[in-house]
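Notes follow the structure.
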Amino acid sequence: MNARNKTARGIAVAALTVAATVTLTAAPAIAAPASALYAPAASHAIGRLGPLVGLVVERLQVSDDVAAAKFGTGSPIDDPAREQQVLDQVRKQATALGLDPDAAAAFFRDQITASKTVQRGLFARWTAHPDQAPTTRPDLGQIRIRLDRLTTELLAQLKSTARFRAEPIGCTVQLALAAGSATVLDRLDGLHRRALGTAVHSVCARR
């Protein structure tokens with residue numbers, strides 16, 4: 001590991017420490033359980049990338065509803081046709097915004113992968129513990145409207161943070177701060193923490 005990467009890692013760890021201490025002055029919000037459908041709590045992610053990471057967390061919360069809509073119906077978690085439709089639309093919108101369509105598609109591919117991680121994890125949990133399974137089934141069509149809205153908002157955040165995200169060290173530090181604060185203040189469980197790590201993988205530009 002070269003000196004530049006060591007510096008970035010050290011600052012990122014410090015940022016995570018700062019995020020954790022936020023709990024001393026702010027009351028944490030409990031992440032909505034699967035039964036609290038259609039009402040994901042606003043994320044408490046902080047820092048320059050807080051709004052972007054907050055939307056990522058909201059999308060992960062929507063994944064709970066996607067899982068609830070599919071569980072017990074025989075509907076597959078993988079939906080290649082829908083996924084390709086989303087990525088095609090992302091490329092089109094990204095181009096209109098002046099963003100690199102390939103980079104935007106890579107970011108949203110991470111969102112799709114993270115969502116499927118949540119869905120698989122919840123399917124496994126509900127299968128093993130039927131008493132924890134949702135008792136209502138949300139409308140998948142309405143969920144997709146929410147996901148389309150989040151796609152537009154996420155692209156807007158990618159646009160507004162484009163220059164900053166091109167700075168490897170600064171972006172790494174702020175991403176650690178945003179993700180760390182969201183993890184602590186939104187009380188993300190292990191499943192959603194893993195999914196968040198996947199979802200933010202492509203936020204910072206790589207050189």
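Applying the ring-ring contact (aromatic ring centres under 6.0 Å, His included) test to Phe164 and every residue at least two apart in sequence or in another chain returns nothing. Residues passing the side-chain hydrogen bond (donor to acceptor under 3.5 Å, both in side chains) test with Arg149 are Glu58, Glu153, sequence neighbours excluded. With sequence neighbours left out, the side-chain hydrogen bond (donor to acceptor under 3.5 Å, both in side chains) criterion links Gln119 to Lys70, Ser115. Not counting sequence neighbours, the partners of Arg125 by the salt bridge (charged side-chain N to carboxylate O under 4.0 Å, His left out) test are Asp189. Residues passing the salt bridge (charged side-chain N to carboxylate O under 4.0 Å, His left out) test with Arg109: none are found, sequence neighbours excluded. Evaluation of the salt bridge (charged side-chain N to carboxylate O under 4.0 Å, His left out) rule for Asp148 yields Arg82 as partners, not counting sequence neighbours. Remark: Ser202 pairs with Asp110 by the side-chain hydrogen bond (donor to acceptor under 3.5 Å, both in side chains) rule, at least two apart or across chains. For Asp79, the side-chain hydrogen bond (donor to acceptor under 3.5 Å, both in side chains) partners two or more places apart in sequence, or in a different chain, are Arg144.
Within the 4.5 Å cutoff, the side chain of Leu155 has heavy atoms near those of the Phe108 side chain. Side-chain contact check for Phe107 versus Leu52: some heavy-atom pair is nearer than 4.5 Å. Proximity of Ile143 to Asp139: side-chain heavy atoms (C-beta onward) are nowhere separated by under 4.5 Å. Looking only at side-chain heavy atoms (C-beta outward), Ile145 and Gln142 come within less than 4.5 Å of each other. Using a 4.5 Å heavy-atom cutoff, the side chains of Thr73 and Arg137 are in contact.
Side-chain polar atoms of His192 and Asp64 form a donor-acceptor pair below 3.5 angstrom.
Judged as a disulfide (SG to SG under 2.5 Å), the pairs with a partner in residues 121-182 (not counting sequence neighbours) are, in order, Cys171-Cys204. Within the structure, salt bridge (charged side-chain N to carboxylate O under 4.0 Å, His left out) pairs that include any residue of residues 156-166 do not occur (at least two apart or interchain). For residues 66-150, no residue pair satisfies the disulfide (SG to SG under 2.5 Å) rule, not counting sequence neighbours. Applying the salt bridge (charged side-chain N to carboxylate O under 4.0 Å, His left out) rule to pairs touching residues 94-108 yields Arg91-Asp102, sequence neighbours excluded.
Distance CG/Leu55 to CG/Leu60: 11.0 Å, rounded to 0.5 Å.
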